[in-house]
Amino acid sequence: MSPSEPKPPTASPKTAASQPGSRPPANSASPAVVGELTKRIIGNVEHAIVGKRKQLVLSMVAWLSGGHILLEDVPGVAKTMLARAMAKSLGCKFKRVQCTPDLLPTDVTGTSIFNQKTSEFEFRPGPVFTQVLLADEINRATPRTQASLLEAMAEGRVTVDGTTHTLEKPFLVIATQNPVDHEGTFPLPEAQLDRFLMRFNLGYPSMEEEMRMLDLLQFGHPVDSLQSVASAKELLESQTEIRKVHVDPRVRQYILQIISQTRSHEDLALGGSPRATIALFRCSQAMAAIRGRGFVQPDDVKKIISPVLNHRLILRPESRLRQVTTESVVDEIIGDIAVPTIEAK
């Protein structure tokens, strides 16, 4: 997970940023700690999830960045197992909501029930009061129910009957949707898609991976026997540490150029929002820390740009008819922008 790279010398951010070609300032041992924590969690999850190392890394990037994940994939590729395995690896509470057209907002957030003994209303929390929430087939829920998750995802709290309840940290929403069966679904609006830090798919396993999966499942599901290998406290500390990862002004400019190009590209009706800029910035910090570095390289940005941007960009109708995809547009933009050089001495 963490390639061996020279350790940066100790320097102040101001000095390093002001010298062209100089190495960014050293962080403490925190990037190594974050990298070790990530390696421990992913290694544990891989006892139950086979052949999804790239997706597990992206999931950890999202969790460390404090964001939420949208999995768009066909049924039966271990989307639910991924969420359960990550929760168990950290000893976090896990709940699942099966989204259907008759699901009400109160079925997610909770409601107040009148207690005849005390003659008072008592709040009964819904499944959103957890640490890892799986919203299965979220596009089958009505827009009103989909919106009930917005406050929880954006602010980590829920307001019911005028009373605000704070959710326990860390809080992660993993939502799934089926890209094949669109009958009886309510597509997520652009504003809600933008709330998800990343969107990616798991994909089908190879024959070798599926053979290994059959061996693991012969006597029961391995996710049931998973033990926690880290704590929620460690994750929260890592979420704080990644914000200390240095981002050189040239890398910041590189991120801004990419977002700016999406707003003026001829194939796009809607480019990246300022929230997309922040997401790209934060995820690049997390990716660098996972690799054991205290500074961001342009390659860290490239690794996460597709899952961070693809669901936030809207193609023009004529471009869609020409079979243009958001992935191809992002690749074109990256190819047109000069990559800054961050030297390691």
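Just so it is clear, the structure is predicted and the values come from calculations on it, not from any experiment.
Atom-to-atom distance recorded for Ser319:OG and Leu268:CG is 7.5 Å, nearest 0.5 angstrom. With values rounded to the nearest 0.5 angstrom, Lys233 atom NZ is found 12.0 Å from Ser238 atom OG. To the nearest 0.5 Å, atoms CD1 (Ile41) and OG (Ser89) are separated by 6.5 Å.
A cation-pi arrangement is not found for Arg199 relative to Phe196, the charged atom failing to lie both closer than 6.0 Å to the ring centre and inside a 45° cone about the ring normal.
Counting only heavy atoms from C-beta outward, the side chains of Ile42 and Val45 never approach each other to under 4.5 Å. Counting heavy atoms from C-beta outward, Pro170 and Gln239 have side chains that approach closer than 4.5 Å. Side-chain contact between Val108 and Pro105 is absent, with no heavy atoms from C-beta onward closer than 4.5 Å. Inter-residue side-chain proximity for Leu167 and His165 is flagged as unmet; no heavy-atom pair is nearer than 4.5 Å. Proximity of Pro187 to Asn139: side-chain heavy atoms (C-beta onward) are nowhere separated by under 4.5 Å. Residues His265 and Ile333 form a side-chain contact, since some pair of their non-hydrogen atoms from C-beta on lies under 4.5 Å apart. Residues Gln261 and Ile337 form a side-chain contact, since some pair of their non-hydrogen atoms from C-beta on lies under 4.5 Å apart. At a threshold of 4.5 Å between non-hydrogen side-chain atoms, the residues Lys54 and Lys52 do not count as touching.
More than 12 heavy-atom neighbours from other residues, nucleotides or ligands sit within 6.0 angstrom of NZ on Lys95. Around atom CZ of Arg263, more than 12 heavy atoms belonging to other residues, nucleotides or ligands sit under 6.0 Å away. Within a 6.0 Å sphere centred on CZ of Arg320, heavy atoms belonging to other residues, nucleotides or ligands number more than 12. The number of heavy atoms from other shown groups lying within 6.0 Å of NZ (Lys303) does not exceed 12.
Ile259 and Ser273 get closest at one heavy-atom pair: CG2-O, 4.4 Å. A pairwise comparison of heavy atoms in Gln146 and Phe186 identifies NE2-O, 2.9 Å as the closest pair. Considering all non-hydrogen atoms of both residues, Thr130 and Lys93 come closest at OG1-O, 3.0 Å. Listed here is the closest heavy atom pair of Leu270 and Glu190: CD2-CG, 4.3 Å. The heavy-atom pair separating Ile304 from Leu58 by the smallest distance is CG2-CD2, 4.0 Å. Annotation for Glu327 and Ser306: closest pair CG-OG, 4.2 Å, computed over non-hydrogen atoms.
Hydrophobic side-chain contacts under 4.5 Å tie Met207 to no other Ile, Leu, Val, Met, Phe, Trp or Tyr residue.
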Please list, one pair per line, the donor and acceptor atoms closer than 3.5 Å that link side chains of residues 210-229 to other protein atoms, with sequence neighbours excluded.
| residue | atom | partner | partner atom | Å |
| --- | --- | --- | --- | --- |
| His221 | ND1 | Val223 | N | 3.2 |
| Asp224 | OD1 | Arg84 | NH2 | 2.9 |
| Ser225 | OG | Pro222 | O | 3.0 |

Would you be so kind as to tabulate the donor-acceptor pairs closer than 3.5 Å made by side chains of residues 65-72, with sequence neighbours excluded?
| residue | atom | partner | partner atom | Å |
| --- | --- | --- | --- | --- |
| Ser65 | OG | Val61 | O | 2.7 |
| His68 | ND1 | Val173 | N | 2.9 |
| His68 | NE2 | Met153 | O | 2.9 |
| Glu72 | OE2 | Gln177 | NE2 | 2.8 |

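A donor-acceptor pair under 3.5 Å is absent between the side-chain atoms of Glu237 and the main chain of Glu234, judged by distance alone.
Salt bridge status for Asp136 with Arg96: present, with a side-chain N to carboxylate O gap under 4.0 Å. Taking a cutoff of 4.0 Å between a charged side-chain nitrogen and a carboxylate oxygen, Arg291 and Asp300 qualify as a salt bridge. Arg40 has a carboxylate O that lies under 4.0 Å from a charged side-chain N of Glu36, or vice versa, which qualifies the two as a salt bridge.
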Start with the C-alpha distance between Gln285 and Arg282, add both sets of side-chain angles, then the distance that settles side chain to side chain donor-acceptor pair (under 3.5 Å), and finish with yes or no.
CA-CA 5 Å; Gln285 287 181 301; Arg282 191 72 67 218; 2.8 Å; yes

Decide yes or no on side chain to side chain donor-acceptor pair (under 3.5 Å) for Glu120 and Asn115, but give the supporting numbers first.
CA-CA 5 Å; Glu120 293 180 351; Asn115 188 327; over 6 Å; no

Side chain to side chain donor-acceptor pair (under 3.5 Å) between Thr164 and Thr159, worked out
CA-CA 4 Å; Thr164 300; Thr159 302; 3.1 Å; yes

Working for side chain to side chain donor-acceptor pair (under 3.5 Å), residues Thr145 and Ser148:
CA-CA 5 Å; Thr145 303; Ser148 67; 5.6 Å; no

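Cluster annotation: Met60 and Val132 are assigned to the same hydrophobic cluster (Ile/Leu/Val/Met/Phe/Trp/Tyr, side-chain heavy-atom contacts under 4.5 Å, transitive). Side-chain heavy atoms closer than 4.5 Å link hydrophobic residues (I, L, V, M, F, W, Y) into clusters, and following such links, possibly through other members, connects Leu82 to Val74. Note: the hydrophobic cluster containing Ile138 does not contain Ile174 (ILVMFWY, side chain heavy atoms under 4.5 Å, direct or indirect links). Transitive grouping of hydrophobic side chains (ILVMFWY, heavy atoms separated by less than 4.5 Å) brings Phe281 and Val34 into a common cluster. Hydrophobic clustering (side-chain heavy atoms under 4.5 Å, transitive across Ile, Leu, Val, Met, Phe, Trp, Tyr) keeps Leu193 apart from Ile314.
Taking the six-membered ring for Trp and the full ring otherwise, the centers of Phe171 and Phe129 sit at least 6.0 Å from each other.
Counting only N and O atoms by type, the side chains of Asp161 and Thr163 include no donor and acceptor under 3.5 Å apart.
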